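Down below is the structure, laid out as structure tokens.
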Amino acid sequence: MICPNCAQPMEEVLVQSTTVDVCTKGCGGMFFNYQELEKAGRARKNDPAVLSETGALSARYKKNLQCPFCRAKMNARKISRDIEVVVDVCSHCGGLWLDKGEFDSICRAAEQGAPFPSGWKPIENKSASWVKSSQNSGALEFIADFSFDVVLDIFWGLLD
């Protein structure tokens, strides 16, 4: 997989039974397929060395990222109501792009009592809807079709 931020080849890093794509040769960002973020968060809770990030934060190279998995446009969104981290979300496949340092920030917030977000659901149909999931302890999940981006931006603004 190629990094959507700096176009370097990404490395698959094994985290328990799943792999996370990490840009180890470039910007240090991470791509999580649907539900991998929550799995990585549980693994980090048990072992602080899991996906540990070192070094200075890298600069953001691109604003409108393209999903490295399905090539759809990604949108910047706050990860949850309780965590002040903005990540890039693919509304098509549910993938999440975290710039270097954002995974650590999410994990620190979870250690301080914020619910760990499970991520966004991929499109299951051609309508846009919001789902409040009891399984993810209050984090919002997002299902959207690309044509609804403007409407979704309005909803996100209302939630902030």
Side-chain angles (χ1 to χ4, degrees), residues 1-124 131 133-144 146 152 156:
M1 191 175 294
I2 301 299
C3 176
N5 200 22
C6 68
Q8 294 295 316
M10 297 195 340
E11 180 181 330
E12 288 185 349
V13 176
L14 184 63
V15 177
Q16 290 184 340
S17 62
T18 191
T19 58
V20 176
D21 296 286
V22 181
C23 184
T24 57
K25 295 178 175 80
C27 66
M30 298 178 191
F31 181 77
F32 296 86
N33 288 319
Y34 177 58
Q35 294 187 330
E36 287 179 345
L37 179 64
E38 189 174 17
K39 291 175 186 175
R42 284 195 306 263
R44 169 69 78 88
K45 188 175 181 180
N46 296 329
D47 180 3
V50 169
L51 294 178
S52 62
E53 300 171 291
T54 58
L57 297 180
S58 59
R60 177 76 183 241
Y61 300 113
K62 294 183 181 178
K63 287 191 177 188
N64 297 314
L65 297 180
Q66 193 175 37
C67 177
F69 183 72
C70 72
R71 312 300 292 163
K73 177 186 168 206
M74 298 184 87
N75 298 295
R77 303 280 184 239
K78 196 166 107 175
I79 190 71
S80 75
R81 286 183 180 170
D82 303 303
I83 301 175
E84 295 292 327
V85 174
V86 176
V87 300
D88 295 287
V89 179
C90 179
S91 58
H92 185 71
C93 72
L96 297 172
W97 175 260
L98 276 64
D99 292 317
K100 185 173 183 176
E102 290 177 340
F103 182 69
D104 282 342
S105 296
I106 293 167
C107 290
R108 277 194 304 276
E111 288 169 6
Q112 296 171 0
F116 201 93
S118 62
W120 277 257
K121 285 187 178 179
I123 292 175
E124 294 176 348
V131 176
S133 173
S134 60
Q135 304 152 338
N136 66 3
S137 307
L140 290 175
E141 292 187 357
F142 174 76
I143 304 170
F146 300 111
L152 295 172
W156 273 107

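The figures that follow rest on heavy atoms only: side chains count, while hydrogens, waters and symmetry mates do not. Worth saying up front: this structure is predicted, and the values here are computed from it rather than measured.
The minimum heavy-atom distance between F31 and V20, with the atom names listed, is O-CG1, 3.5 Å. When all heavy atoms of M74 and C90 are compared, the pair lying nearest together is CE-N, 3.7 Å. Annotation for C23 and Q8: closest pair SG-CB, 4.0 Å, computed over non-hydrogen atoms. Minimum heavy-atom separation, M10 to D21: CE-CB, 3.2 Å. Between R44 and V50, the shortest heavy-atom distance links the atoms NE-O, 2.6 Å. Scanning all heavy atoms of the two residues, the minimum distance from P4 to W97 falls at CD-CZ3, 3.5 Å.
Separating the CG atom in D47 from the CD atom in Q16 is a distance of 9.0 Å, to the nearest 0.5 Å. A distance of 10.5 Å separates OG1 in T24 from CE in M30, rounded to the nearest 0.5 Å. Between the CG atom in L96 and the CD atom in E102 there is a gap of 10.0 Å [rounded to 0.5 Å]. The structure places CZ of R42 at 10.5 Å from CG of L37, a figure rounded to the nearest 0.5 Å. Distance SG/C107 to NZ/K45: 11.0 Å, rounded to 0.5 Å.
With hydrogens and angles ignored, the 3.5 Å screen pairs a side-chain donor or acceptor of Q66 with a backbone N or O of R71.
Annotation: side chain of V86 is not in contact with side chain of I79 (no heavy-atom distance under 4.5 Å). Contact of the L51 side chain with the V15 side chain is registered, since non-hydrogen atoms from C-beta on lie closer than 4.5 Å. Using a 4.5 Å heavy-atom threshold, the side chains of D99 and C27 count as separate. In this structure, C3 and P68 have side chains that are not in contact, with every pair of non-hydrogen atoms separated by 4.5 Å or more. Here the side chains of N33 and F69 are in contact, with some heavy-atom distance below 4.5 Å.
Of the residues listed (K39, E36, Q35), the one engaging T18 in a side chain to side chain donor-acceptor pair (under 3.5 Å) is E36, and it is the only one.
Salt bridge R77/D88: absent, no basic N to carboxylate O contact under 4.0 Å.
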When you look at N5 and L65, which way does the side chain to side chain contact (heavy atoms under 4.5 Å, CB included) test go after all the steps? CA-CA 7 Å; N5 200 22; L65 297 180; 4.1 Å; yes
Worked verdict on V85 versus L98 for side chain to side chain contact (heavy atoms under 4.5 Å, CB included): CA-CA 9 Å; V85 174; L98 276 64; 5.9 Å; no
